[in-house]
2 protein chains.
Amino acid sequence: MQVKATNSGVTPQPFSDAGTERCSDCPIRTRAVCANCDADDFTVLEDVKYDRSYQAGQVIVWAGERMDFVASVIEGVASLTQTMEDGRTQMVGLLLPSDFLGRPGRDRASYTVTAVSDIRLCCFRRKPFQQMMTSNPRLPARLLEMTLDELDAAREWLLLLGRKSAREKIASFLTILARREASQHRTEPQGEIRLTLPLTRDAMADYLGLTLETVSRQMSALKRDGVIVLTGSREVLLPDYDLLLAESGDDADGGVIN
Amino acid sequence: MQVKATNSGVTPQPFSDAGTERCSDCPIRTRAVCANCDADDFTVLEDVKYDRSYQAGQVIVWAGERMDFVASVIEGVASLTQTMEDGRTQMVGLLLPSDFLGRPGRDRASYTVTAVSDIRLCCFRRKPFQQMMTSNPRLPARLLEMTLDELDAAREWLLLLGRKSAREKIASFLTILARREASQHRTEPQGEIRLTLPLTRDAMADYLGLTLETVSRQMSALKRDGVIVLTGSREVLLPDYDLLLAESGDDADGGVIN
DNA sequence: CGATGAGTTGAGAGCAATCAAGATGGGTGG
DNA sequence: CCACCCATCTTGATTGCTCTCAACTCATCG
């Protein structure tokens, strides 16, 4: 929060550097790649890390572009998208706070990364980070864990894109948000939940393999049926999580077994 | 090949054990999880490993079931599938020789794993394998690499399911097979290519988020248009790889940058 | 030679995409 | 403070692709 002031006001540049904080104060410390790191590791990391902020809508890297860093999302939301020559696009990743950006051992971006909201990244210079990856087993171990989780999420996403109806896709998306929201507070989603949608209708369509019109229509339908309450186009109230879950087509325990 | 005789004839049991080979003779040695292992590692591995064979159609593990091993596919093909309560299913993984099965640190299967063809696995008992994962950095490093590759493949798959037409899906599937085929011979796919489809029309539909009728229709359409030649329902000749690629909607370099 | 499983083809229905207007709401400048 | 603008979102009418239901072909196997 106090850091948002660091990225003071309007920044017309492609990005702006922001002050680097101490790792021990970091809000994502317990969930990011560096979750398993100890105090000694942090002194090393603090040398190779630097903050970067982007405004909503800015492209962080284009697919195919060189990327001289990897990063953790500190706050805000970013998307990974793939585009076909004729312009069709599909989101293939949604990065929330603590998620990791970039692939160690690959120096070009495979996907276009866009700041969906104002976002702050904790960047690590590629070379020294890669060195740490080989010398410190805590880093690759945590990254493996995170990558496996992402693969599970991607597989749930495959089911959504391949087999679910538009209505089920919207409901599923909302349950995913509710779950990720709840997991940050280390609880299970249930009962009445209030959400702020991090995505525009257009970005939701990109995520769900729909058009923005269909997203809008199905949101209206869920609202009409009392499954959701819209208190603003981006403010959603879920009166009954279990009801929403039933609409999503998923079974009660919400997918992956842990 | 010689091993197929080991799984002699009809096996009415859920699975049959087969003789365990030496790691040094293993056909997938250079590509599997154990690719970076040295002779010493192999002596340890040979202690915790055992072969298992399954016949085409057999379920290897059901989603949610306990799984006391992880494994590498030696030969044959297996699928990971997710099922909704009403019976809709979506394939979420296709395991070819050298691919890894199971998640270290998780003792229950998240997906139903099915032998698509007759298949032979190199299984490792979970506990000792996990121990090796923590003591030997070569194993987690390789597994991370493989998992990242799988994540890339899953993301290409997301684009396919979310945005491609039935015709493009079929064409894309064939290019994926051609590429995986070519990569085993360390070449690039080009010109005329002969393929044996590892999947039935039904399994292809599961992979592509289509119905089997649509798969069949689009195969016929591609055949009619000269993009493919069917020399049997499972035998396909691709007269011109670039032509097929153009039908797939992908750009010329076939996706992910390395 | 009938039975079975896999694949093909056809006719019709349904769902989401497309094309096209409006509505809403926040921000800017008069 | 209001009027206007622009981006975002909603809603309507129509089209078209894929699904569904159904019949049929083909090869394999007892």
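Chain naming here is simple, since letters A, B, ... match the order of the sequence lines and numbering starts at 1 in each. Treat the numbers as computed from the prediction; the structure is a model and nothing was measured. Just the heavy atoms: all of them, side chains too, but no hydrogens, waters or symmetry mates, feed the values below.
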Step by step, would you call A/E150 with B/R155 a salt bridge (Lys or Arg N to Asp or Glu O under 4.0 Å)?
CA-CA 11 Å; A/E150 244 184 303; B/R155 284 172 167 163; 2.6 Å; yes
Scan residues 83-93 of chain B for pairs that pass side-chain hydrogen bond (donor to acceptor under 3.5 Å, both in side chains), counting only residues two or more places apart or in two chains.
A/E168-B/R88, B/D86-B/R88, B/T89-B/D206
[X] (side chain) donor-acceptor with [Y] (main chain) under 3.5 angstrom:
X      : Y      : value
B/R194 : B/E235 : no
B/S216 : B/L212 : no
A/K164 : A/L159 : no
A/D240 : A/D242 : yes

Could you run down the sub-3.5 Å N/O contacts of the protein with nucleotides 27-29 of chain D?
none

Distance only, no hydrogens: is a donor on one side chain within 3.5 Å (strictly under) of an acceptor on the other, for B/D202 and B/Y207?
no
Checking side-chain polar atoms at under 3.5 Å, does A/T211 have a donor or acceptor matched by the opposite partner on A/T214?
yes
Name every residue in residues 161-173 of chain A that has at least one heavy atom under 4.0 Å from any atom of DNA chain C, in order of residue number, or write none if there are no such residues.
A/S165, A/A166
How would you label the contact of A/G209 with the nucleic acid (heavy atoms, under 4.0 Å): base, sugar-phosphate, or nothing?
sugar-phosphate
When all nucleic acid strands are considered with a 4.0 Å heavy-atom cut-off, which category describes A/R88: base, sugar-phosphate, or nothing?
nothing
Quick one: which protein N/O atoms are closer than 3.5 Å to N/O atoms of nucleotides 10-16 of chain D? Pair and distance per line, please.
from   : atom 1 : to     : atom 2 : distance (Å)
D/dT10 : OP1    : A/R201 : NH2    : 3.3
D/dT10 : OP2    : A/R201 : NE     : 2.6
D/dT10 : OP2    : A/S216 : OG     : 2.7
D/dT10 : O5'    : A/S216 : OG     : 3.1
D/dT11 : OP2    : A/S220 : OG     : 2.5
D/dG12 : N7     : A/R217 : NH1    : 2.8
D/dG12 : O6     : A/R217 : NH2    : 3.2

Rounded distance (nearest 0.5 Å) linking atom CD1 of A/I60 with atom OG1 of A/T112:
11.0 Å
Under the salt bridge (Lys or Arg N to Asp or Glu O under 4.0 Å) test, residues paired with A/R180 that sit two or more places apart
A/D99
For chain B, the stretch of DNA chain C it reaches, first to last nucleotide, under 4.0 Å of its heavy atoms:
C/dG7 to C/dA11
Measure [atom1]/[X] against [atom2]/[N] and give the value in whole Å, please.
X      : N     : atom1 : atom2 : answer
A/D202 : D/dC9 : CG    : C1'   : 11 Å
A/L197 : D/dC9 : CG    : C1'   : 12 Å
A/L199 : D/dA7 : CG    : C1'   : 17 Å

Should B/D51 and B/C123 count as side-chain neighbours, where that means a heavy-atom distance under 4.5 Å?
no
Taking the side chain as every heavy atom from C-beta outward, state whether A/V113 and A/V59 have any pair of such atoms under 4.5 Å apart.
no
A cation-pi test, strictly: NZ or CZ of A/R52 under 6.0 Å from the centre of the six-membered ring of A/F69 and no more than 45 degrees from its axis. Yes or no?
yes
